[in-house]
Amino acid sequence: MTARNISRFWEWGRKIICVGRNYADHAKELKNAIPTEPVLFLKPPSAYVREGSPILVPLYSSNLHHEVELGVVIGKGGTAIPQSTAMEHVAGYALCLDMTARDIQDECKSKGLPWTLAKAFNTSCPVSDFIPKERIPDPGNVKLWLKVNDQLRQSGCTSQMIFSVPYLISYISDFISLEEGDLILTGTPKGVSAVQEHDELQAGIEDIVMINFKVERPDH
Ligand SMILES: O=C([O-])CC(=O)C(=O)O
Ligand SMILES: [Mg+2]
């Protein structure tokens, strides 16, 4: 068997596990309670989109939001991973957007229904190139930013996370075994807002990585 190249993790078809409400300022802006345990949801691998392809607004949504997030790429799988060894399971990072059909999510929330159509549609997970672990020595202290048409909308630091990267790896792996190539989206800081067709999104982790995506309407 040939060795797989972790730098193309998005091609492996592994799961994407997302953490919600992990920044108090974002939980507050959407009038949600500060969680006492991580809030988890999933995106399928078909949510991935890479630079060069557009983010597609779902036809059923009129309020598509951006959420810039630090992604953690798993290098070594495991179940019930202790917090003390959690970082040994990390291969690296990626800058990710958790694209969210906010109007659909609001409807799901009010009806007590799952967020699948709000969060897991095609192109709902734009990702950057893989960032090797060594380039981010402390994932609990890096700055994330996002601009729409050159205007700064989100600017936050992972030091504001309620639950740290090692805590999340340990917590998630108690319920869902982690596999090599899985991606964890660690939540978004405040500043989420709507994007429209033809908007240009630019986001980065300090000067470590930058991504550019265009928003389009699908023609079907
Ligand atoms: O939709 C939400 O507000 C939850 C979420 O994904 C986040 O906080 O990153
Ligand atoms: Mg999110």
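Small disclaimer: the values here were computed from a predicted structure and weren't measured. Order of listing sets the numbers, starting from 1, for every ligand and every atom in it.
- Taking the side chain as every heavy atom from C-beta outward, Val148 and Glu200 never approach each other to under 4.5 Å.
- Within a 6.0 Å radius of NZ in Lys133, more than 12 heavy atoms belonging to other residues, nucleotides or ligands are found.
- Atoms of ligand 1 found under 4.0 Å from any heavy atom of Leu30 (numbered from 1 in listed order, with element): 3 (O).
- Looking at Glu67 next to ligand 1, an N or O pair under 3.5 Å apart turns up.
- Listed by chain and number, the protein N, O or S atoms at a distance under 2.8 Å from the Mg ion (ligand 2) are Glu67 OE1, Glu69 OE2, Asp98 OD2.
- With a 4.5 Å cut-off on side-chain heavy atoms, Cys18 and Lys43 count as touching.
- Val68 pairs in a side-chain contact (heavy atoms from CB on, under 4.5 Å) with only one of the listed residues (Leu97, Ile205, Asp98, Ile211), which is Leu97.
- At the top of the distance list for atom 8 (O) of ligand 1, counting protein heavy atoms only, stands Arg21 N, 2.7 Å.
- Looking only at heavy atoms of the protein, atom 4 (C) of ligand 1 is closest to Gly20 CA, 3.7 Å.
- Using a 4.5 Å heavy-atom threshold, the side chains of Asp199 and Lys214 count as separate.
- Within ligand 1, the atoms closer than 4.0 Å to a non-hydrogen atom of Gly187 are 9 (O), numbered from 1 in the order shown.
- For residues 65-104, no residue pair satisfies the ring-ring contact (aromatic ring centres under 6.0 Å, His included) rule, not counting sequence neighbours.
- Set against the non-hydrogen atoms of Phe41, the atoms of ligand 1 under 4.0 Å away are 6 (O).
- The closest side-chain heavy-atom distance from Leu201 to Asn212 is not below 4.5 Å.
- Heavy-atom proximity to Arg102, at under 4.0 Å, picks out these atoms of ligand 1: 1 (O), 2 (C), 3 (O).
- Residue-environment remark: NZ (Lys143) stays at or below the threshold of 12 foreign heavy atoms within 6.0 Å.
- The local environment of CZ in Arg8 is sparse, with at most 12 non-hydrogen atoms from other residues, nucleotides or ligands closer than 6.0 Å.
- Of the protein's heavy atoms, His26 NE2, 2.7 Å lies nearest to atom 3 (O) of ligand 1.
- Heavy atoms of other residues, nucleotides or ligands lying less than 6.0 angstrom from NZ of Lys28 number 12 at most.
- Scanning for ring-ring contact (aromatic ring centres under 6.0 Å, His included) contacts around Tyr60 gives an empty result, with sequence neighbours left out.
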- request: Using the side chain to side chain contact (heavy atoms under 4.5 Å, CB included) rule, take Glu67 and Arg102 through it: C-alpha gap first, then chi angles, then the decisive distance, then the call.
  value: CA-CA 11 Å; Glu67 295 189 357; Arg102 195 69 72 196; 2.8 Å; yes
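- Residue-level proximity to ligand 1 for Tyr23 is absent, since no heavy atom of it falls below 4.0 angstrom.
- Shown in contact with Lys119 at under 4.0 Å from a heavy atom are these atoms of ligand 1, numbered in order with element: 1 (O), 2 (C), 4 (C), 5 (C), 6 (O).
- Atoms of ligand 1 found under 4.0 Å from any heavy atom of Gln105, numbered from 1 in the order shown, are 1 (O), 2 (C).
- Residue contacts with ligand 1, taken as heavy atom pairs separated by less than 4.0 Å, involve Thr188 via backbone and side-chain atoms alike.
- Annotation for ligand 1: atoms under 4.0 Å from non-hydrogen atoms of Glu69 are 9 (O).
- Listed by chain and number, the hydrophobic cluster partners of Leu152 are Trp145, Met210, where partners are ILVMFWY side chains within reach of under 4.5 Å, directly or through others.
- Ligand 1 is approached by Val19 to a heavy-atom distance shorter than 4.0 Å.
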